[in-house]
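Numbering of ligands and ligand atoms starts at 1, following listing order. Residue numbers start at 1 and run along the sequence shown.
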Amino acid sequence: MENLIEAIRRREARIVVVGLGYIGLPVACMFAKAGFQVAGIRRDSGKIAQINQGICPIEGKEPRLPELLAEVIRQGRLKATTDYKVCRKARVALIAVETPVDKTTKKPGYEALRATLQGLGQNLQAGTLVIIESTIAPRTMETVVKPILEEASGLKVNEDFYLSNCPERVMPGRLLANIENCSRVVGGMSPETAQAAVELYRCIVKADLDPTDCLTAELVKTVENTYRDVQIAFANEVAFLCESVGADVWEVRQLVNKSPQRDMHLPGPGVGGHCIPKDPWLLIHGTGDDFKARLIPTARAINDSMPLHMVELVEGALREVGKKVQGARIAVLGYAYKENTDDTRNSPTIPFVTRLEELGAEVAVHDPYVKGYNDELEKVVTGSDCVVVMAAHDQYRELNLRDLKTQLRIPVLVDGRNIFEKEKAQVAGFIYKGVGNVHFF
Ligand code: SAJ
């Protein structure tokens, strides 16, 4: 272990990063920039060629990442490959692959993780520090990662190689900034391993590095995202409650949050993205059968119901003008799962549009950030019977309601993100319904 720590301090430890996606690629670039020789492994050779030409394959704006990638490729400090044999020269191997849960069973199959562990295990050298950055269910290090690596390599953890779990806290649009400035939990299968991993991350992270055991590290990551999902579900339930009594949830929320230690989140049209909808299921999966979660699945069900609630708001608003959803032309503003991003993974807009079309509506979707949907907004809304806001993109906040009204066949506005003031929309001549802010006759 001393030898490894010395090699890390001297930047002589070769690093392999398996999974050059939005987690692995920035971290590979940052270790290369810090002076390490880094090899990256990806499955698809197309993206590998792009990366080895110094071209960033990640969509969306990622400040400094394209320039950093080009620099470390030019310096020869980073090279991408499909070949796991590069692991034979590595003293550190980072794994950053996706860990989706099955849409029906809500359980992780870990297909990518298992394949990666097999490939690494077959080339694992004694003295190597293996770090899992992917988000994994509690007890995955003990029940999946350790057995596969030991079996594939014939080596023993803590004797021949070292095992760590260091979950990432990156966010699309701030990948490099978050790696540098967000604190990280650094789990180790032994205290010495956690310390060695702290030594490594100290080379690129300016924030706190908190050593602990692997189980705690697995729990922290899944709990912190489950916390957010439950908080959002609470806000959504209060929105339903306000609708039932004819109150404005946005005014209620603003005043609640003036109370000390209150942080009521934002109601919305649903919860999308790559982690918040998934991590609560990973947390529950990790507890096995000896724990029956009650609040967490309920929160997931509330958040998953929001897109269909948006359909109810559209039905109610059209009913007020004597129209049905069937045959109505509906303009949907926002395909991305949240404001000012092009990321559409698990977007609430998907089930929302599916349901509208099942009911016979003619739907047109607009999104300035998503290829194929970034047509002129006026073209998408012209002649519509209803406009629905699903993402709070800046472009939509700047819309002139009077101009918008002239473009519609019927001035109905359903606001899933509270980007318009109800009174102003009504003065502009709209039938306005907002999540948590509706008054049906
Ligand atoms: N959402 C609400 N109401 C809220 C907050 C979010 O409806 O009050 C919705 C968003 O519109 C979106 C979904 O929830 O559809 C997820 O939003 P998010 O802001 O949590 O965005 P993510 O998915 O990018 O979450 C990431 C996570 N970061 C990491 O996993 C490292 C999460 O832990 C962060 O808390 C979050 O960014 C953040 O704070 O921005």
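Polar contact with ligand 1: present for Gly272 (N/O pair, distance under 3.5 Å). For ligand 1, none of its N or O atoms has an N or O atom of Pro267 under 3.5 Å away. Checked against a 3.5 angstrom limit, the closest N/O atoms of His274 and ligand 1 fall outside it. Considering backbone and side-chain N/O of Glu168, none are found under 3.5 Å from N/O of ligand 1. Residue contacts with ligand 1: Arg417 is placed with a nitrogen or oxygen under 3.5 Å of a nitrogen or oxygen of the ligand (distance criterion only).
Residue Cys275 holds the heavy atom nearest to atom 25 (O) of ligand 1 of all those in Gly270, Cys275, Gly273. Here atom 32 (C) of ligand 1 lies nearest to Asn225 when heavy atoms of Asn225, Asn178, Thr341, Asp263 are compared.
Taken from CE in Met310 to CE in Met306, the straight-line distance is 8.0 Å, to the nearest 0.5 Å. In this structure, Ile276 CD1 and Asn346 CG are separated by 11.0 Å, a value rounded to the nearest 0.5 Å. Annotation: the span from Phe420 atom CZ to Arg417 atom CZ amounts to 13.5 Å, rounded to 0.5 Å.
Remark: of the listed residues Tyr337, Tyr369, Tyr335, Tyr373, Tyr369 is the sole one forming a ring-ring contact (aromatic ring centres under 6.0 Å, His included) with His393.
Counting the atoms of ligand 1 from 1 in the order shown, those under 4.0 Å from a heavy atom of Val170 are 28 (N), 29 (C), 31 (C).
The ring of His265 has its center no closer than 6.0 angstrom to the ring center of Phe234. Aromatic pair Tyr22/His274: ring centres closer than 6.0 Å.
Remark: distances from the non-hydrogen atoms of Lys221 to ligand 1 include one below 4.0 Å. Contact analysis leaves Glu224 out of contact with ligand 1, as no non-hydrogen atom separation drops below 4.0 angstrom.
Donor-acceptor pairing under 3.5 Å is recorded for the side chains of Ser190 and Thr193.
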